[in-house]
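Presented below is the structure to which this report refers.
Whatever order the structure lists ligands and atoms in, that order sets their numbers, starting from 1.
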Amino acid sequence: MKKTPQTLTIAGSDSGGGAGIQADLKTFQELGVYGTSVITAVTAQNTTGVNAIYPMSVQAIQTQLEAVGDDFDISALKTGMLFNPEIIQETAKAIQQYGWKNLVVDPVMIAKGGANLLQPEAVEALKTHLLPLAFLVTPNIPEAEALTGISITDVFSRRRAAERVLSLGAQAVVIKGGHGTDPEYAEDYFLHLNGESAVFRAARIATNQTHGTGCTFAAAVTAQLAKGRELKEAILTAKEFIQAALSDPLNIGKGHGPTNHGAYQMRRHEKTEVNKIEVFQ
Ligand SMILES: Nc1ncnc2c1ncn2[C@@H]1O[C@H](COP(=O)(O)OP(=O)(O)OP(=O)(O)O)[C@@H](O)[C@H]1O
Ligand SMILES: Cc1ncc(CO)c(N)n1
C-alpha cells in the first residue's frame with residue numbers, strides 16, 4: 001500500500017493565517033504531503049503586526065511532540081518560531097529521540113513589523129542545540145547576520161556568512177534574499193558542506209504582500225524533501241512556489257498581506273516571464 005509522505009512543522013500559530021503553522025500546513029497540502037504540527041506559541045497577529053505572543057509550556061510542547069512522534073512516520077520536518085531556549089532544547093531533544101531526518105531550520109527571529117519571535121538570548125541555544133541537527137538552515141539576511149556576526153553587504157560577505165553557518169554544524173544553508181537591496185532580483189544563496197554552491201534568482205516583485213514568505217519557502221523545501229527530492233531540486237521548487245505565491249496576489253488585509261499559497265498549483269505562473277527562476281551554479 002502506497003503511503004502519503006508525512007511532514008511536521010514545529011512553529012508558532014499566526015491568527016492572520018499567512019505565516020507560521022498556517023502557512024506551513026497550506027504549503028504542505030498544496031505540494032501533496034500530509035502535514036502535522038506542534039504549536040510552540042500562539043500569536044495574536046494580522047497583516048499589520050503582532051499584538052501578543054503566548055508561548056506554550058515546555059510540557060505542552062513535549063506532549064505534542066510525543067503524540068506526533070509515537071504515531072506518524074515523519075520523512076521531513078521544519079522548525080519556525082521557537083521563541084525561547086527551553087522550547088529550542090525540547091525540540092532538539094525530540095528530533096534526536098525520534099531520529100527525525102531532513103530537518104529544515106527556519107531561524108525565525110523578528111516579524112516584519114519588528115516583534116521579537118525569538119528572545120534575543122535564545123539565539124545561542126539555536127546555534128548550539130538545533131543547527132547541528134539541520135539538513136538545511138534558511139536564514140534571511142538579518143538572521144544570517146545575527147547567527148554569524150558577519151554584516152552581509154556583498155556576495156563575498158554573504159559567502160563568508162554561509163560558511164560560518166555551516167561551521168556551526170548545519171549540512172547546508174540558504175541565505176534568502178528577500179531583504180536584499182537589489183531592486184531587480186530576489187536572490188537566494190545556497191552553500192552545502194560538500195562545497196556545492198548555487199544562486200537561485202527570481203525577479204523581485206514590487207509588492208507589500210510578503211507576510212510569511214520565509215515560512216512558506218521553508219515549508220515548500222520540507223514538502224519536497226519528504227517526497228524524496230534532492231536538496232537543490234527541492235529549493236528550486238520552493239523558489240518557484242514562493243514566486244508564484246507573490247506574483248498572483250490575494251489582496252487581503254490592511255498591511256503586509258499574505259502570499260497566495262494556491263497560486264503554484266493553479267499553474268497560471270507557468271505562462272509568465274516574471275516567474276522564471278534562474279539558477280547559477
Ligand atoms: N519582493 C520579492 N520578490 C520576489 N521574491 C521575494 C520577494 N521577497 C521575498 N522573496 C523571496 O521569498 C523567500 C523568502 O525570503 P525572505 O528573505 O522574505 O524571508 P523572511 O524574511 O524569512 O520572510 P518572513 O519573515 O516574512 O516569513 C526567498 O526565496 C526570497 O527570495
Ligand atoms: C507565527 C509566526 N511565525 C513566523 C513569522 C515570520 O514570518 C510570523 N510572522 N509569525
Side-chain angles (χ1 to χ4, degrees), residues 9-25 27 37-56 78-83 87 104-118 137-146 152 158 174-190 199-221 235-249 253 255-259 269 274-279:
T9 168
I10 306 169
S13 165
D14 168 11
S15 52
I21 289 280
Q22 288 79 1
D24 294 344
L25 292 179
T27 304
S37 58
V38 166
I39 298 186
T40 57
V42 171
T43 70
Q45 184 178 177
N46 58 27
T47 64
T48 67
V50 180
N51 298 341
I53 296 175
Y54 304 96
M56 296 288 110
K78 76 168 280 262
T79 61
M81 172 185 179
L82 296 175
F83 194 63
I87 296 177
V104 177
V105 174
D106 184 16
V108 171
M109 293 183 190
I110 295 172
K112 290 222 158 78
N116 264 332
L117 304 178
L118 184 76
V137 192
T138 61
N140 61 25
I141 291 172
E143 288 159 357
E145 291 179 335
I152 300 177
R158 184 176 67 177
V174 173
I175 300 183
K176 299 170 295 187
H179 298 247
T181 49
D182 188 332
E184 253 185 285
Y185 300 114
E187 236 184 47
D188 302 344
Y189 177 68
F190 168 79
V199 168
F200 297 85
R201 179 195 272 179
R204 182 174 292 279
I205 296 166
T207 176
N208 70 344
Q209 299 183 51
T210 54
H211 179 66
T213 47
C215 307
T216 302
F217 176 82
V221 177
I235 293 168
L236 175 59
T237 303
K239 186 78 175 151
E240 288 169 350
F241 190 95
I242 195 64
Q243 192 72 1
L246 284 165
S247 65
D248 192 359
H256 284 284
T259 70
H269 64 283
V274 77
N275 285 295
K276 293 245 161 63
I277 309 296
E278 291 180 281
V279 184

Atoms in ligand 1 with a heavy atom of Leu246 nearer than 4.0 Å: 2 (C), 3 (N), 4 (C), 5 (N), 6 (C), 7 (C), 10 (N)
4.0 Å heavy-atom contact, Ala202 with ligand 1: no
Numbered atoms and elements of ligand 1 in range of Lys112, under 4.0 angstrom, heavy atoms: 23 (O), 24 (P), 26 (O)
Residue-ligand contact Gly212/ligand 1, heavy atom below 4.0 Å: yes
Counterpart residues, side chain to side chain donor-acceptor pair (under 3.5 Å), relative to Glu145 (two or more places apart): none
Per-atom contacts, ligand 1 versus Cys215 - under 4.0 Å to a heavy atom: 27 (O)
Inter- and intrachain pairs under salt bridge (charged side-chain N to carboxylate O under 4.0 Å, His left out), touching residues 104-117, at least two apart: Asp106-Lys176
Close approach of Ala203 to ligand 1, heavy atoms, under 4.0 angstrom: yes
Atom indices of ligand 1 within 4.0 angstrom of Gln243 heavy atoms, with elements: 4 (C), 5 (N)
Residue pair Thr213, Thr259: steps toward the side-chain contact (heavy atoms from CB on, under 4.5 Å) verdict: CA-CA 7 Å; Thr213 47; Thr259 70; 3.8 Å; yes
Shortest reach to atom 11 (C) of ligand 1 by a heavy atom, considering only Glu240, His256, Lys239, Arg201: Lys239
Distance, nearest 0.5 Å, that separates CD1 of Ile277 from CZ of Phe241: 13.0 Å
Partners meeting side chain to side chain contact (heavy atoms under 4.5 Å, CB included) with Arg158 (sequence neighbours left out): Ile152, Val155, Ile175, Glu187, Tyr189, Val199
Close-contact set for ligand 1 against Ala186 heavy atoms, below 4.0 Å: 4 (C), 5 (N), 6 (C), 31 (O)
Pair Arg204 + Asp182, salt bridge at N-O below 4.0 Å: no
Every residue of the protein that comes under 4.0 Å of ligand 2, judged on heavy atoms: Gly12, Ser13, Ala19, Gly20, Gln45, Met81, Val108, Leu117, His211, Cys215
